[in-house]
Amino acid sequence: MSNTIAARLGAIRTEMAKSNLDAFIIPRADEYLGEYVPEHNERMLWASGFTGSAGMIIVLKDSAAIFVDGRYTVQVRQQVDAALFDYLSLHDTPQAQWLIEQLGANAKVGFDARLHTLAWFNQTHGELAKAQIELVQVAQNPIDLNWHNRPMPTSTPVMLFSEQSAGRSSLEKRKTIGSEIKKQGADIAIISALDSFCWLLNIRGKDIPCLPVVLGTALLHANGDMLLFTDLNKLPENVIDHVGEGVSFKAESELAAELLSLSGCKVLASPDSCNAWLQLTAQEAGAQLIAGSDPVALPKAQKNEAELAGMKACHIRDGVAVSRFLAWLDREVNANRLYDEAQLAEKLESFRLSDPMYQEPSFDTISATGGNAAMCHYNHNNGTPAQMQMNSIYLVDSGAQYLDGTTDVTRTIAIGDVTDEQRKMVTLVLKGHIAIDQAKFPKGTSGMQLDSFARQYLWQHGFDFDHGTGHGVGHYLSVHEGPQGIAKGRSNVALLEGMVLSNEPGYYRADEFGIRLENLIAVRPCEALANSEREMLEFEALTFIPMDARLLDKNYLTDAEVSWFNQYHQQVREKLSPFMQGDDLDWLNKVTTAI
């Protein structure tokens, strides 16, 4: 492989020389700047062999460096040739500063503006300019010019998502968002987030694994008219009737010409999520850019009644599938039959596959035994899947895309005997989970304000966890949806009725064990507080799957928390038992018995 990679780096350097570039930047992103990158856009992988989900490569004339975050320090050394690349930290070694140290004044650094945000461009351009280094937009990406057996993009047709499931017509959504664009002083908005334009048009697709979207870019006018630039071969015949009046479809190759026609227009776009090329091209054509957030994000996050009904329905079926897996797992462990992490992930999916509404996982299953579970983004596919050991803890974080909604759940399971210390830690995590589940808060409260509810009990004992407590979830869309979240430092958007979030506190002890308890929850008005002086909100659980009582130490629970745990399990039993039978039903009745 390293010969191939060396040849590829050589090809990139040949292109750099043609344009007189001293460096070329390759981010782990494509022009859509989403969380997932389809196979045909894995440029960083092509140039290095690295399969991680975040990072950046900088190719210089005679050397190259790969920047990765803490999740990938081990993996990068296994996958990337040290003779060809220096390993550097994505966060501790700012790339612009590193370039300034490597290059002299008057150097030229090439980049593909489609693969970076405008915010990144403005910041990097400014930093390099101080050192008299020029950031140069390349007309054609050197990787694209040299990628000979490049995989073909998927050709699966666009799926028309019924108005009944969506709860609102595309026309109604487009008019509503259009008036929002007008309010922000713009004539037109660039809708670059794939899930945003799919939601607006009531369509879904199969262009990216785990994310049911269509690749493309949309322009939405203030009057609700919309242009979608996508692969026209994927459009079903009746798509025009489905999306309603005011929508036209064009090939992606026509996007540049359209941007050049926006002279004199006021164009709303997000500098943080929309690619630099779209905005710079419009600006150079004489458009005035108005920086703002994606106008679709907030309305999309507030699920309507039809969307919530779909979310609730798929969570019951998902609860049955995951519970049947957990029942099977307990029987196998009792019979002393232990499996590896990959076999367990496949077995779990086999229970979901029997549902005709099931489409695919909503992310790569995290199936982690023992010390592996201490890595919160662990993926058993990145090495040899570990064998489950007796007297350990197994963590499984998985989710599904159903035609009526998206799920994401984590359960932590006792395999044989566990220690008192492990039980204490699981119980502290559960207390935080209950505190979020039971929170009542005035309208206007953000997830950032609630985040410490989940951590308070761990903090009292000197512990914490290094990830957010919760993220937004879409309706048969992205399992990681903004702008809402529950996390310190970045989730300052007020939580609104209809938003769906995850509630997933955890605890990780390096090389020993990992714990996470995750349900999805929906924001609803709080009816219980009749005399409240403010408009209050609360959460409603959507996930109904047993939690492992063998991992709890009741000494750390209050009476109210024990009561929550028992009531939750009573609901699990009531909702799931009609769909379970035989050994599975016996198991369900046993594990939902009051503690």
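No experiment lies behind these values; they were computed from the predicted model shown.
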_For the backbone of A301 and the side chain of K303, can you confirm whether one donor and one acceptor N or O come within less than 3.5 Å of each other?_
yes

*Could you verify whether a donor N or O on one side chain and an acceptor N or O on the other, from T51 and Q75, lie under 3.5 Å apart?*
yes

*Distance under 6.0 Å and angle within 45° of the ring axis: does R324 meet both against F351?*
no

_Q95: partners by side-chain hydrogen bond (donor to acceptor under 3.5 Å, both in side chains), with sequence neighbours left out_ = none

*Measure from the side-chain N and O atoms of H315 to the backbone N and O of M311, and report whether any donor-acceptor pair falls under 3.5 Å.*
yes

*Does any N or O in the side chain of Q401 come within less than 3.5 Å of the main-chain N or O of L477, such that one atom is a donor and the other an acceptor?*
yes

*Could you tell me whether the side chains of Q283 and Q279 share a donor-acceptor contact shorter than 3.5 Å?*
no

*asked:* Before you tell me yes or no, could you show the steps for R71 and N379 under side chain to side chain donor-acceptor pair (under 3.5 Å), namely the whole-Å CA-CA distance, both residues' side-chain angles and the distance that decides it to 0.1 Å?
replied: CA-CA 10 Å; R71 289 176 291 173; N379 188 335; over 6 Å; no

*Tell me whether the centres of the aromatic rings in H116 and F111 are closer together than 6.0 Å.*
yes

_For a salt bridge (charged side-chain N to carboxylate O under 4.0 Å, His left out) check, start with the C-alpha distance between E305 and R168, then their side-chain angles and the critical distance, and finish with the verdict._
CA-CA 10 Å; E305 280 180 28; R168 284 170 78 194; over 6 Å; no

*Name all residues meeting the side-chain hydrogen bond (donor to acceptor under 3.5 Å, both in side chains) criterion together with K300; count only those two or more places apart in sequence or in a different chain, and write none if there are none.*
D195, E481

*Test salt bridge (charged side-chain N to carboxylate O under 4.0 Å, His left out) on D187 and K266 and set out the steps.*
CA-CA 5 Å; D187 306 307; K266 292 178 176 164; over 6 Å; no

_Test side-chain hydrogen bond (donor to acceptor under 3.5 Å, both in side chains) applied to Y476 - qualifying residues, sequence neighbours left out_ = none

*Side chain of T407, backbone of A400: donor and acceptor closer than 3.5 Å?*
yes

*asked:* Is it the case that the side chain of E15 and the backbone of L145 share a donor-acceptor pair, with hydrogens and angles ignored and the cut-off at 3.5 Å?
replied: no

*asked:* I'd like to know if the side chain of T410 pairs up with that of E518 as donor and acceptor (distance under 3.5 Å, no hydrogens or angles considered).
replied: yes

*H221 side chain to G178 main-chain N or O, any donor-acceptor pair under 3.5 Å?*
no

*Show your reasoning for whether side chain to side chain donor-acceptor pair (under 3.5 Å) applies to H471 and E504.*
CA-CA 9 Å; H471 53 83; E504 51 178 314; 3.0 Å; yes

*asked:* Checking N202 against E163: is there a side-chain donor and acceptor pair closer than 3.5 Å?
replied: no

_Considering all heavy atoms, the nearest L495-L537 contact_ = O-CD1, 3.4 Å

*asked:* Tell me if the aromatic rings of F50 and Y72 count as close, with their centers under 6.0 Å from one another.
replied: yes

*Decide whether S48 and R8 meet the rule of one side-chain donor and one side-chain acceptor closer than 3.5 Å.*
no

*asked:* Can a donor-acceptor pair be found, under 3.5 Å and without considering hydrogens, that links the side chain of R43 to the backbone of I143?
replied: no

*Can you name the nearest heavy-atom pair linking L9 to A47, along with the distance?*
CD2-O, 4.0 Å

*Is it the case that K575 places NZ or CZ above or below the six-membered ring of F544, under 6.0 angstrom from the centre and within 45 degrees of the axis?*
yes

*Only counting residues at least two apart or in another chain, list the ones meeting side-chain hydrogen bond (donor to acceptor under 3.5 Å, both in side chains) with E35.*
H480

*Show your working on salt bridge (charged side-chain N to carboxylate O under 4.0 Å, His left out) between K183 and E180 and close with a plain yes or no.*
CA-CA 5 Å; K183 260 188 219 156; E180 185 53 40; 3.7 Å; yes

*asked:* Tell me if a side-chain donor or acceptor on D272 pairs with a main-chain N or O of A119 at a distance below 3.5 Å.
replied: no

*Under 3.5 Å, is there a donor-acceptor pair between the side chain of R174 and the main chain of G224?*
yes

*Does E360 use its side chain to pair, donor to acceptor, with the backbone of C210 at less than 3.5 Å?*
yes

_Checking D408 against S502 for the side chain to side chain donor-acceptor pair (under 3.5 Å) test, could you report, in this order, the C-alpha distance in whole Å, the side-chain angles of both residues, the deciding distance, and whether it holds?_
CA-CA 8 Å; D408 180 0; S502 66; 5.3 Å; no

*State, to 0.1 Å, how close H475 and G310 come at their nearest heavy-atom pair, and which atoms those are.*
NE2-CA, 4.4 Å

*Apply ring-ring contact (aromatic ring centres under 6.0 Å, His included) to Y402 and list each qualifying residue two or more places apart in sequence or on a separate chain.*
Y358

*asked:* Which residues pass the ring-ring contact (aromatic ring centres under 6.0 Å, His included) test with Y339, not counting sequence neighbours?
replied: W328

